[in-house]
Peer 1: 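Can you read through this structure? Questions will come right after.
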Amino acid sequence: MIPMVDVYEKVIDLSRRRGFVWPSGEIYGSVAGFIDYGPLGAMMKRRIEDIWRDFYVVREGYYEIECPTIGIEPIYIASGHIKGFSDKMFQCPHCNEFFRADHVAEEYSIRNASSLSKHGLMRALTDQNCISCKKPLGEVEVFDFNLMFNTSIGPGGSRKGYLRPETAQGIFTDFGRLLRFYRDTLPFGTIQIGRSYRNEISPRQGMIRLREFTQAEAEIFVHPDQKDHPNFARYANYEMPLWGMDHQEGRLDPVVVPMSEAVESGLVANEYVAYYLALTHEFMLKIGVDKDKIRFRQHLPDERAHYAADCWDAEYFSSRFGWVEAVGIADRTDYDLEAHAKVSGEKMTVFIQYPEPRLEQKRTIVPKMGLLGPRFKTRAKEVGEKIAASHPRERGTYIILDEEEVFIERELFDLRDEEVLVRGEEVRPHVIEPSYGIDRLCYAVLEHSFYQDDVEGEVRTVLRLPPIVAPVKVAVFPLMTRDGLEEIARGITDAIKKEGILAEYDDSGAIGRRYRRQDEIGTPFAITVDYDSKEDGTVTLRERDSMQQIRLPIQDLPETIRKLIKGEMQFNKA
RNA sequence: GCAUCGAUGGUCUAGUGGUAUGACUUUGGCCUUCCAAGCCAAUAGCCCGGGUUCAAUUCCCGGUCGAUGCACCA
């Protein structure tokens, strides 16, 4: 093994050279935060997404939907992105530097700076000096900088639109239709893979922080009182490193415990969260993230959203960036559905039938509008509604009118007590949300598969991609470009392609060079046609990682390679 | 966004006020019976804009991108 100076540099260099990833729009000078996936990168990303679909759509049964990347304003008012996703900023008139207004105000010990209005912050800053150039600020303009890209819809531009900052909102706004699709039962889940956009102030970590990125999100709607996953047994004994908040605060290492124990001890809030933690771990291993460089870190109370019952990040270790968050798994409770219910006026609930209808006492308050009208005039309707929602006592009830408590005599309303048969209740589901940053995972896979071996004094660069992730599955070489070896090799290439497996024919340069070329792009297998092939119809099959070769008949190739890629067969047993 | 440093073929690099060195890669040819061999040839470059100058890849200013620190973000 050759010591790695800076793996990041080498991985990025290889990515550019061999067509995995490069900066977007280079001929006009690139802008930070945007990348292009080249021919091999796009294919590798697609494979990773397909494996993800295998886990969530095929195995879990959560169907995929596709929503627009542009959303209208009310969506993001409800989601909180209009408010919570923006920072109040200002620019120093002298040094032109931008600052967060509330942070600077805090520097000057102004209380509650983060809750001050734009105007309030402006006034607070007027008498202060710039924290950078030290000159007096004067009346600076405090403006909102929102991390969402905005646009306008239609020729008049009358409707404001935003590029979505996450794919999740599309699933939430479709809740009603999805619920009917799943025939009004809980639990159900829906997934979406797509682009999201955040106008980061200064993205500077290559593929790690992008302004346009691909998310794969699942929104799983569960009954608030039933957070036991029906298939939890699958992962009950699954073990992986969990770094709970107590351990983080006590500066202790992550613990490795079975998921069942993690739930029982309260480390993980419930089976649903635990299930997707384990599933995520399994998924990350499958796509080629290094097992020894994964941990699951629980959000500390101050970084966790106030509504979240529990939240964990799957992190991987990068030699360049340290621990990188790649997946977030949260129990978001009913926060999102409730928020959309409030703004949209839709119910966003599920009617859950009781096993047996229940006979319940029900008290209805009926205001006597005939008496309220003359007394309260135009306010009568409002008063009536408030009476109906109040809690009457024996002599009457109290309501709040114009911030004053008003007593309403018993004569002004009727009470009807009746027995009703209640067949069920409206329940607002809780949402379990695993959210994957596909680009960050792509980088993890590239960095963790990157190896430089020493082969007889020469450096051999090899991407040890799992065969299912590798863009090209098999390379076919004629040993010599003569005596009909090419024809045999081309025939083999075609036969393998017919199986739907991507094979690449290459007869350029010395055989060793061709092996190296394929090693560098992670092609797991290589077939070489030599002179014996002409005699007995066999070829050599070489495995990328071990560089071992075996001989086998040409007609067995497509089937053997298919099994090797799927992991149904080990190379040394082929 | 600010400060410091940097940017030369696909990659790594030499060098310069008068259009650029070498290596690797790639392509074609020769040679070659399994891990970047050899020979011949070809392709290909001074980040962008402005200024100074007869002339700018070189000097100056601004920008973009990258690295580092701050800020921001997770």
Side-chain angles (χ1 to χ4, degrees), chain A residues 6 8-10 12-19 22-35 38 85-87 89-92 94-100 102-104 107 130-133 145 147 165 198-206 208-211 213 297 299-300 303-305 311 313 315 320-328 435 437 440 453 455-462 475 477-483 485 506 508-520 526-535 539-544 546-549 551:
Chain A
D6 192 336
Y8 172 78
E9 300 284 348
K10 294 184 175 184
I12 290 302
D13 173 49
L14 185 147
S15 296
R16 267 207 297 257
R17 263 187 310 111
R18 302 309 306 271
W22 54 61
S24 195
E26 278 176 302
I27 61 166
Y28 294 111
S30 309
V31 181
F34 297 99
I35 55 164
F85 230 51
S86 73
D87 298 321
M89 300 189 76
F90 71 92
Q91 189 176 22
C92 168
H94 309 290
C95 63
N96 292 330
E97 197 163 337
F98 286 93
F99 300 95
R100 271 190 62 170
D102 53 336
H103 285 202
V104 175
E107 288 276 312
C130 174
I131 54 169
S132 175
C133 67
F145 178 80
L147 252 36
R198 292 181 194 178
N199 199 2
E200 301 283 357
I201 295 170
S202 171
R204 252 206 292 177
Q205 295 158 305
I208 301 297
R209 219 161 106 232
L210 296 170
R211 288 183 163 128
F213 54 101
R297 192 180 69 82
H299 275 201
L300 297 170
E303 60 183 326
R304 190 170 72 199
C311 188
D313 285 342
E315 300 180 325
R320 176 53 161 271
F321 303 113
W323 288 99
V324 175
E325 168 201 339
V327 184
S435 172
R440 289 182 174 188
D453 300 343
V455 177
E456 290 166 22
E458 294 273 356
V459 175
R460 167 187 181 243
T461 301
V462 50
F477 311 138
L479 187 59
M480 294 293 143
T481 51
R482 62 177 186 222
D483 302 323
L485 297 186
D506 186 6
S508 161
I511 190 79
R513 179 187 303 281
R514 285 179 261 163
Y515 284 135
R516 292 293 179 276
R517 273 204 277 259
Q518 296 297 333
D519 288 342
E520 213 181 19
I527 292 163
T528 301
V529 175
D530 58 19
Y531 284 92
D532 289 347
S533 309
K534 285 178 74 174
E535 304 300 320
V539 291
T540 60
L541 178 66
R542 169 211 191 243
E543 188 196 31
R544 175 196 64 204
S546 63
M547 296 167 67
Q548 297 286 309
Q549 286 181 303
R551 257 204 116 77

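These figures come from a predicted structure and were not determined experimentally. We name chains A, B, ... by the order of the sequence lines, and we start the count at 1 in each one. Just so you know, these numbers use all the heavy atoms, side chains as well, and skip hydrogens, waters and symmetry mates.
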Peer 1: Would you mind reading off the distance between A/E26 atom CD and B/rU64 atom C1', rounded to a whole angstrom?
Peer 2: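 Value for this atom pair: 12 Å.
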Peer 1: Using the C1' atom as the point on both nucleotides, what is the distance between B/rG38 and B/rU32, in whole Å?
Peer 2: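 Looking at atom C1' only, B/rU32 and B/rG38 are 9 Å apart.
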Peer 1: Could you tell me whether A/R17 contacts a base, only the sugar-phosphate backbone, or nothing, with contacts defined as non-hydrogen atoms closer than 4.0 Å?
Peer 2: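 Result for A/R17 = sugar-phosphate.
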Peer 1: Base, sugar-phosphate, or nothing: which does A/V31 touch, judged by heavy atoms less than 4.0 Å apart?
Peer 2: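 Result for A/V31 = sugar-phosphate.
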Peer 1: Which nucleotide wins on minimum distance to the side chain of A/A32, given the candidates B/rG66, B/rU26, B/rU32?
Peer 2: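 Nearest nucleotide to the side chain: B/rG66.
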Peer 1: For B/rC54, give its Watson-Crick or G-U wobble partner with both distances under 3.5 Å, or none.
Peer 2: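 Base partner found: B/rG18.
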Peer 1: Counting any heavy atom closer than 4.0 Å, what does A/I511 reach on the DNA or RNA strands: base, sugar-phosphate only, or nothing?
Peer 2: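 Since only primed, P, OP1 and OP2 atoms lie under 4.0 Å of A/I511, the category is sugar-phosphate.
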Peer 1: My understanding is that only one of A/R513, A/R18, A/R514 makes a salt bridge (charged side-chain N to carboxylate O under 4.0 Å, His left out) with A/E520; could you say which?
Peer 2: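 Going through the options one by one, the only one that passes is A/R18.
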Peer 1: Mind checking the P distance from B/rA7 to B/rC48? Whole angstroms is fine.
Peer 2: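 Result for the P pair: 14 Å, nearest Å.
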Peer 1: Distance check needed: B/rC12 C1' versus A/R16 CZ, whole Å only.
Peer 2: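 About 12 Å, once rounded to whole Å.
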Peer 1: How far, in whole Å, is B/rC65 from B/rU25 if one measures between their C1' atoms?
Peer 2: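 Here B/rU25 and B/rC65 have their C1' atoms 24 Å from each other.
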Peer 1: Picking from B/rC35, B/rC34, B/rG28, which would you name as closest to the side chain of A/R516?
Peer 2: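 Output: B/rC35.
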Peer 1: Counting the atoms with a prime plus P, OP1 and OP2 as sugar-phosphate, which does A/E456 contact under 4.0 Å by heavy atoms, base, sugar-phosphate, or nothing?
Peer 2: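 A/E456: no heavy atom of the nucleic acid under 4.0 Å.
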Peer 1: Is there a donor and acceptor pair, one atom on the side chain of A/Y515 and one on the base of B/rC34, closer than 3.5 Å?
Peer 2: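 Yes.
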Peer 1: Could you tell me whether A/T540 contacts a base, only the sugar-phosphate backbone, or nothing, with contacts defined as non-hydrogen atoms closer than 4.0 Å?
Peer 2: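 Base: the residue A/T540, judged by heavy atoms under 4.0 Å, touches a nucleobase.
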Peer 1: Think A/R542 forms a cation-pi with A/Y515, using NZ or CZ under 6.0 Å from the six-ring centre and within 45 degrees of its axis?
Peer 2: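 Positive - A/R542 is close enough to the ring of A/Y515 and near enough to its axis.
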Peer 1: Looking at NZ of A/K534 and CG of A/L485, how far apart are the two atoms once the value is rounded to the nearest 0.5 Å?
Peer 2: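 One gets 6.0 Å once the value is rounded to the nearest 0.5 Å.
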Peer 1: Contact class for A/S30 vs. all strands (heavy atom < 4.0 Å): base, sugar-phosphate, or nothing?
Peer 2: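 Sugar-phosphate, no base atom in range.
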Peer 1: May I ask you to say what A/R544 touches in the nucleic acid, namely base, sugar-phosphate or nothing, with a heavy-atom cut-off under 4.0 Å?
Peer 2: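 Since no nucleic acid heavy atom lies under 4.0 Å of A/R544, the category is nothing.
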Peer 1: Taking atom P of B/rA37 as reference, at what distance in whole Å does atom CZ of A/R513 sit?
Peer 2: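 Interatomic distance, CZ of A/R513 to P of B/rA37: 4 Å.
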Peer 1: With P as the reference atom in both, quote the distance from B/rA41 to B/rA23 in angstrom, rounded to an integer.
Peer 2: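 Pairwise P distance, B/rA41 against B/rA23, rounds to 12 Å.
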Peer 1: If you measure from the P atom in B/rA67 to the same atom in B/rC34, how many Å do you get, rounded?
Peer 2: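 It works out to 44 Å between them.
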Peer 1: Taking pairing as Watson-Crick or G-U wobble with both contacts under 3.5 Å, can you name the mate of B/rC2, or confirm there isn't one?
Peer 2: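 In the structure as shown, B/rC2 has B/rG69 as its Watson-Crick or wobble partner.
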Peer 1: Under 3.5 Å for both donor-acceptor distances, Watson-Crick or wobble: does B/rU64 have a partner, and if so which one?
Peer 2: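 With both distances under 3.5 Å, B/rU64 matches B/rA7.
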Peer 1: Does any N or O donor sit under 3.5 Å from an N or O acceptor when you compare the side chain of A/R542 with the base of B/rC35?
Peer 2: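 Indeed, a donor on one side and an acceptor on the other fall under 3.5 Å apart.
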Peer 1: Taking atom P in both B/rG1 and B/rG62, what distance in whole Å separates the two?
Peer 2: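 Roughly 14 Å separates the two P atoms.
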Peer 1: By nearest atom, which of the nucleotides B/rA37, B/rG66, B/rC73 is closest to the A/R209 side chain?
Peer 2: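 Looking only at heavy atoms from C-beta outward on A/R209, the closest nucleotide is B/rC73.
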Peer 1: Tell me whether the side-chain N or O atoms of A/Q549 pair up with the base of B/rC34 as donor and acceptor below 3.5 Å, since no angle test is needed here.
Peer 2: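 Such a pair is found, so the answer is yes.
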Peer 1: So A/D532, base contact, sugar-phosphate only, or nothing? Heavy-atom distance under 4.0 Å.
Peer 2: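 No contact.
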Peer 1: Under a 3.5 Å cut-off for both contacts, is B/rG28 paired Watson-Crick or G-U wobble with anything, and if yes, with which nucleotide?
Peer 2: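 Check on B/rG28: paired to B/rC40, both distances under 3.5 Å.
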Peer 1: Would you measure the distance from the C1' atom in B/rU13 across to the matching atom in B/rA20 and give it in whole Å?
Peer 2: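 Their C1' atoms lie roughly 12 Å apart.
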Peer 1: Using the P atoms only, state how far B/rC61 lies from B/rC2, rounded to an integer number of Å.
Peer 2: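 The answer is 16 Å between these two P atoms.
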